[in-house]
Amino acid sequence: MLGVLAVDQPDLFYARQQMAFSLGSHIVLACIGMSVPFMVVLAEWKGRRTGDLVYVTLARRWAKAMGVLFAVGAVSGTILSFEFGILWPRWMGRFGSVMGLPFAIEGFAFFLEAIFIGIYLYGWDRLPPRVHLWAGVPIGIAGVASAFFVVAANGWMNDPTGFTLDAAGNVTHVDPWAALFNSGLWPEAVHMILAAFIVGGCLLATPYAWAMLRGRRTRYERVGLLLPLTFAMIAAPLQLVVGDWAARHVAVHQPTKLAAMEGLYKTTKGATLHLGGIYVGHEIVGGIPIPDGLSFLAFHDPHAVVKGLETVPAADRAPVNVVRTAFQLMVMIGTAMIGLGLWMLLAWRKRRSVPRSRWFLRAALIAGPASVVALECGWITTEVGRQPWIVWQVMRVRDAVTDAPNIRFGYYLLIAVYTVMAVFTVLVLRRLTNTPLPTDLTRALSDEPEPLEGS
Amino acid sequence: MRLANACAALMFVGIAVYALLAGADFGAGFWDLTAGGDERGRAPRAQIEESLGPVWEANHVWLIFVLVTLWTAFPAAFAPIMSTLYVPLTLAAIGVILRGAAFAFRKASETLPLRRWFGATFASSSLLTPFMLGAVVGGIASGRVPAGEQSGDVLRSWLNPTSMLGGVMAVVVCAFLAAVYLAADSERRGRPALVLFFRRRAIASALVAGGVALAGVFVLQHDARTLFHGLTHRGAPLIAVSAVAGAATILLLVRARYAAARVSAALAVVAVLFGWAAGQYPYMLEQSVRISDAAGPHATLVAILVVLGGGSLLLVPALVWLFVLMQRGMLVAEH
Ligand code: HDD
Ligand code: HEM
Ligand code: HEM
């Protein structure tokens, strides 16, 4: 713990809300920025190789949408870099040199992403096809790399390494590489990147699920649905495995966060897992108990001892119900997605096509927003579960916040600006989706049989 | 000490490149705003869209580069700057958001009423960001950011004569750069009417910039003595270079030598920025925090330099490719 005095910041609540709100917005766009470029390049590749107009058209349209979303994503990321200093100067002042390195590396990933997206979007007509196709590849790679490095910084907040504190609370013996490669990095980063593919794939598929539900069921819609959804459905089962890895990491390095995620008050050998229910007065009320389940999940040993919230003073506990509900929702959605993937796989093996049922289309439609909910829930688990620490057991949020007055007005302003931006983003995207298809494509599609029947 | 200076120098290169590239993108917003009604403004707006579209996002990343280098290498300067100057910084960031989003929206939407809205937002936020960043520079350069964990005066740190000078100067300089670049771009694309359009504006903004600089002498003399002393002593040669390059730009524009005008315009801007740096050296926050005081530990500075070196190996070829494709007219929006 640091020997600094907490500042008197009446707007601390707003600072936290502002951080949460702007991160929560950025992450959705960031996920699209990481995964959609791969889908666009794949569609372009198929289109160029086969001359199939369906793929060609999809690739071009996705690229247009990607261009808009990338711009919005980039500016929403910029505000985060400002906020780190504006809202949490004491954190940055003290630890900027420890955990700043991944951001410096990330900066180069941003450069590459922005450069190649410029080339890719504007070079479509004049660059040689092969060159153009390859210019799309670095966009996604740089996006994934940037996620890796930001999450490294977040991993460090969860598992701070690469420095020591002397008796006066000064940061000494800084090793920025050790801070970068903190133990939280790997599970968190892999989980995040998989999440990006789930979110990007499910979101990109939604307009096609919608169109098919409304009766437009040509090959154009089927490919538009299946290609992105396949990315997501491959990632979903892997996500469960990696999520388990992440949970076991939390169990070891942030035991009281795990206790908050599970609502476990007393340190217990062979702890029970509860599905659902709420945490009232130190225990879970309602929900389905699974004896020894928690010990098994957290340590892969039904008799393992799981630390409870009682091990830390009340002031150092995260708000259990927020963290726990978010965690349960994420896991539920993740599990449901695996089901959706299996359904798709079975239909594909039987008939090489989309499942016939309208229920599948409905599920695919919901998968888009559901994946975003899972994403936000995951981050709520991680970030609120870390409370009251900004740097786990090293620095508290209230010691990190700025002492500048009236910062809540920045929060209000940001909400207003983001609301307007969100409205227009949706409007512009809708306009892109509703643009009529090129006539040569519609002609080609009307010649094809329609294999999917309504029910 | 030497490592810290190297990091500071690289960060300053980032500031200069940001000013030259993104500055011109903001300036283009100014000309977009003043280009006139739908009919009259169509051609210049199309040229602006064409010149900015493929590159503005890459140009914008230089700001991120500067921020992350500042907070990693000089956390003890980053923290007080951000907390004291949070108002103009927040407004600058809002400008960044509105500008970028509106530009992308305008490009993606074909119907006119929406386009006009997006255009107006793009253009007016293009003024906000440079003004606020200029004000931030003014606040830092006039020594209004106190060191330490307590933030300074969050209003007077930027509502002061030097900051206002910085803000106005930034807007004018951005407009100047943009007009020169756009004149050169229009010439390369063979659009003589547009060349004249932007040339007139380039010359006008160069004259305004000169006027503001002269007025600035009086402002700084009274409001920022230390900075004034630095600029007129250690920084003097660079300020002189800037004045000469600015005058040369006007001459080159009059003679219709646009490619050369581009170079001398850039030189004028870079020289004045480095003049500021030289005038302030070795202080980062005027009179209290030297570059070496603000610097992080040795290991971090080494790591930063390694990363910047390694990153450049990827960045420079990619950037060169982007600009070469741009110059060759390979990057155009589909129609
Ligand atoms: C599409 C999104 C998505 C889905 C389906 C899942 N997750 Fe997740 N989860 C995230 C998206 C996410 C995330 C990207 O939001 C988080 C926040 C921090 C992180 O690294 O990933 C996260 C965090 C996170 C953490 C906390 C890590 C920490 O605090 O360090 C755990 C334990 C899990 N997840 C476990 C799971 C399990 C067991 C899932 C079962 C299928 C699961 N997640 C599905
Ligand atoms: C992008 C996905 C992320 C989301 C949705 C998210 C969400 C949140 C939320 C909900 C809070 C508020 C917690 C509270 O006050 O109760 C928060 C706080 C914070 N997060 Fe994140 N976070 C994300 C990623 C990150 C990353 C990658 C970093 C850093 C590298 C980070 C740094 C912070 C900081 C500094 C705070 C404020 C201090 C605190 O409340 O602990 N976040 N975030
Ligand atoms: C886990 C959380 C995060 C992930 C996965 C992530 C990922 C990404 C990605 C993929 C982009 C590319 C732009 C796009 O796709 O629209 C991006 C942009 C950006 N992000 Fe994040 N980010 C995260 C959190 C943060 C945080 C905490 C910061 C700053 C402190 C940040 C700063 C930025 C900046 C400055 C950009 C703009 C880069 C540009 O101009 O091109 N991000 N981020």
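Here is how names work: the chains are called A, B, and so on, in the same order as the sequence lines, proteins then strands, and each is numbered from 1.
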Would you mind checking which part of B/Leu89 comes under 4.5 Å of any heavy atom in chain A, side chain (CB onward), backbone (N, CA, C, O), both or neither? both
State, yes or no, whether a side-chain contact exists between A/Tyr418 and B/Ile97 at a heavy-atom distance under 4.5 Å. yes
Which residue out of A/Pro138, A/Pro89, A/Gly118 racks up the most heavy-atom pairs below 4.5 Å with chain B? A/Pro89
Side chain from CB out, backbone as N, CA, C, O: work out which of these in B/His60 comes under 4.5 Å of a heavy atom of chain A, or both, or neither. side chain
Select all residues of residues 151-160 of chain B having any heavy atom within less than 4.5 Å of some heavy atom of chain A, and report them by number, or 'none'. B/Ser151, B/Val154
The reported gap from CG in A/Leu80 to CG in B/Leu67 (rounded to nearest 0.5 angstrom) is 11.5 Å
For chain B, which of A/Gly410, A/Ala179, A/Pro405, A/Ala135 has the most heavy-atom pairs under 4.5 Å? A/Pro405
When rounded to the nearest 0.5 Å, the distance separating CD1 of A/Ile79 from OG1 of B/Thr90 is 7.0 Å
The interface call for A/Tyr120 against chain B, heavy-atom contacts under 4.5 Å, is neither
Inspect the surroundings of CZ in A/Arg61 and state if more than 12 heavy atoms from other residues, nucleotides or ligands are less than 6.0 Å away. yes
Of the backbone (N, CA, C, O) and the side chain (C-beta and beyond), which part of A/Leu429 lies under 4.5 Å from a heavy atom of chain B, both, or neither? neither
CE of A/Met92 to CD1 of B/Ile81, rounded to nearest 0.5 Å, is 12.5 Å
Say you draw a straight line from CG of B/Leu70 to OG of A/Ser81; how long is it, rounded to the nearest 0.5 Å? 11.5 Å
Would you say A/Phe110 and B/Phe65 make side-chain contact, with heavy atoms under 4.5 Å? no
For B/Leu331 and A/Leu121: C-alpha separation, side-chain torsions, deciding distance, then whether side-chain contact (heavy atoms from CB on, under 4.5 Å) applies. CA-CA 8 Å; B/Leu331 303 181; A/Leu121 292 180; over 6 Å; no
Anything under 30° is parallel, anything over 60° is perpendicular, the rest tilted; go ahead and classify A/Phe424 against B/Phe105. tilted
Rounding to 0.5 Å, atoms NZ (A/Lys64) and NZ (B/Lys107) come to a distance of 6.0 Å
Measure distances from B/Leu98 to the heavy atoms of chain A and classify the residue's part below 4.5 Å as side chain, backbone, both or neither. side chain
Check whether any side-chain heavy atom of A/Leu101 lies under 4.5 Å from a side-chain heavy atom of B/Thr300, and answer yes or no. no
With only heavy atoms counted, which part of A/Leu180 is less than 4.5 Å from chain B, the side chain, the backbone, both or neither? neither
Any chance the rings of A/Phe82 and B/Tyr86 have centres within less than 6.0 Å? no
Just so I know, are the side chains of B/Leu319 and A/Ile115 near enough to count as touching, which here means a heavy-atom distance under 4.5 Å? yes
Using a 3.5 Å distance criterion without hydrogens, assess whether the side chain of A/Arg431 forms a donor-acceptor pair with backbone atoms of B/Ser109. no
Between B/Leu91 and chain A, with a heavy-atom cut-off of 4.5 Å, which part of the residue counts as in contact: side chain, backbone, both or neither? side chain
Honestly, the part of A/Leu432 sitting under 4.5 Å from a heavy atom of chain B is side chain
Check each atom of A/Trp177 against the heavy atoms of chain B and say whether the ones under 4.5 Å are side chain, backbone, both or neither. side chain
Could you walk me through whether B/Trp321 and A/Phe116 pass side-chain contact (heavy atoms from CB on, under 4.5 Å), step by step? CA-CA 10 Å; B/Trp321 195 40; A/Phe116 282 99; 3.8 Å; yes
Contacting region of B/Trp62 [heavy-atom separation from chain A under 4.5 Å]: both
Full working for side-chain contact (heavy atoms from CB on, under 4.5 Å) between B/Phe118 and A/Val428: CA-CA 11 Å; B/Phe118 294 145; A/Val428 167; 4.1 Å; yes
Which answer fits A/Leu112, side chain, backbone, both or neither, if we ask what part of it has an atom under 4.5 Å from a heavy atom of chain B? side chain
I need the single residue from B/Val68, B/Val61, B/Leu308 that forms a side-chain contact (heavy atoms from CB on, under 4.5 Å) with A/Phe108. Which is it? B/Leu308
Go through A/Thr435, A/Val98, A/Ile407, A/Asp175 and name the one with the most non-hydrogen pairs under 4.5 angstrom from chain B. A/Ile407
Relative to chain B, which segment of A/Val174 carries a heavy atom at a distance below 4.5 Å: side chain, backbone, both, or neither? both
Atom group of B/Thr69 that falls short of 4.5 Å from chain A, counting heavy atoms: neither
Using a cut-off of under 4.5 Å on heavy-atom pairs, state which of A/Asn406, A/Leu414, A/Ile117, A/Leu69 scores highest against chain B. A/Asn406
Between CG of B/Leu325 and CG of A/Leu127, what distance do you get to the nearest 0.5 Å? 5.5 Å
Identify which part of A/Thr425 has an atom lying under 4.5 Å from any heavy atom of chain B, answering side chain, backbone, both or neither. both
For residues B/Gly296 and A/Ser97, report the shortest heavy-atom separation together with the two atoms involved. CA-OG, 3.2 Å
